[in-house]
Amino acid sequence: METFNHNLSHLFSQLGLNDSQAFIEQFLASHRLEQHESLTEAAFWQPSQKRFLKESQEQDADWCEVIDQLDALLRK
């Protein structure tokens with residue numbers, strides 16, 4: 001079985017976003033999730049980004065750990 005070591009930079013790239021540390025920090029500073037808001041339903045995602053996040057979670061894909069990390073960071 002092949003394992004992957006994804007990080008936030010890889011996830012942002014996969015989502016079609018700038019994957020630089022500066023952009024990620026700016027994104028995290030300017031986007032927030034409400035207490036009961038699902039990551040996959042946040043208004044700041046494009047439909048294709050929502051679909052990727054949702055499908056990755058539903059399929060328990062190797063992206064899940066870093067998606068969970070992003071979710072937590074958006075709630076701070």
Side-chain angles (χ1 to χ4, degrees):
M1 174 187 234
E2 191 172 352
T3 59
F4 298 93
N5 188 14
H6 297 301
N7 60 33
L8 280 178
S9 179
H10 295 147
L11 179 59
F12 272 65
S13 179
Q14 183 68 24
L15 291 168
L17 299 171
N18 182 325
D19 63 356
S20 71
Q21 186 64 34
F23 179 85
I24 293 170
E25 289 173 7
Q26 186 275 330
F27 184 92
L28 294 173
S30 62
H31 295 83
R32 289 284 172 250
L33 293 174
E34 298 298 324
Q35 182 179 2
H36 298 290
E37 184 178 19
S38 165
L39 175 67
T40 59
E41 295 304 318
F44 48 81
W45 299 122
Q46 297 295 316
S48 61
Q49 294 167 324
K50 287 182 181 185
R51 192 169 36 256
F52 171 77
L53 294 167
K54 185 177 175 107
E55 288 175 1
S56 293
Q57 289 176 321
E58 289 174 349
Q59 297 170 6
D60 197 26
D62 45 289
W63 289 102
C64 286
E65 187 174 323
V66 73
I67 289 171
D68 289 344
Q69 179 185 6
L70 176 61
D71 185 279
L73 289 168
L74 289 169
R75 294 182 190 281
K76 288 187 175 182

Nearest-0.5 Å distance that lies between atom [atom1] in [X] and atom [atom2] in [Y]:
X	Y	atom1	atom2	value
F12	D19	CZ	CG	9.5 Å
E41	L33	CD	CG	11.0 Å
H31	W45	NE2	CH2	7.5 Å
L53	E58	CG	CD	11.0 Å

All N/O donor-acceptor pairs, side-chain side in residues 67-76, below 3.5 Å, sequence neighbours left out:
from	atom 1	to	atom 2	distance (Å)
D71	OD1	R75	NE	2.7
D71	OD2	R75	NH2	3.3
R75	NH1	E34	O	2.8
R75	NH1	Q35	O	3.3
R75	NH1	E37	O	3.4
R75	NH2	E37	O	2.5

N/O donor to acceptor pairs below 3.5 angstrom from side-chain atoms of residues 22-30, sequence neighbours left out:
from	atom 1	to	atom 2	distance (Å)
E25	OE2	Q21	NE2	3.1
Q26	NE2	S30	OG	3.3
S30	OG	Q26	O	2.9
S30	OG	F27	O	3.4

### Query
Closest heavy-atom contact between F44 and R32?
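So the two residues come closest at CE2-O, 3.9 Å.
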
### Heavy-atom pair with the smallest gap, counting every atom of S56 and C64
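Heavy atoms only, the tightest pair is O-SG, 3.3 Å.
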
### Task
Tell me, please, which residues at least two apart from T40 pass side-chain hydrogen bond (donor to acceptor under 3.5 Å, both in side chains).
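S38.
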
### Task
Please identify each residue that fulfils side-chain hydrogen bond (donor to acceptor under 3.5 Å, both in side chains) with N18, with sequence neighbours left out.
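In terms of side-chain hydrogen bond (donor to acceptor under 3.5 Å, both in side chains), with neighbours along the sequence ignored, N18 is linked to S20.
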
For the residue pair [X] and [Y], establish whether any side-chain heavy-atom pair is separated by less than 4.5 Å.
X	Y	value
L11	F52	yes
K50	K54	no
H10	S13	no

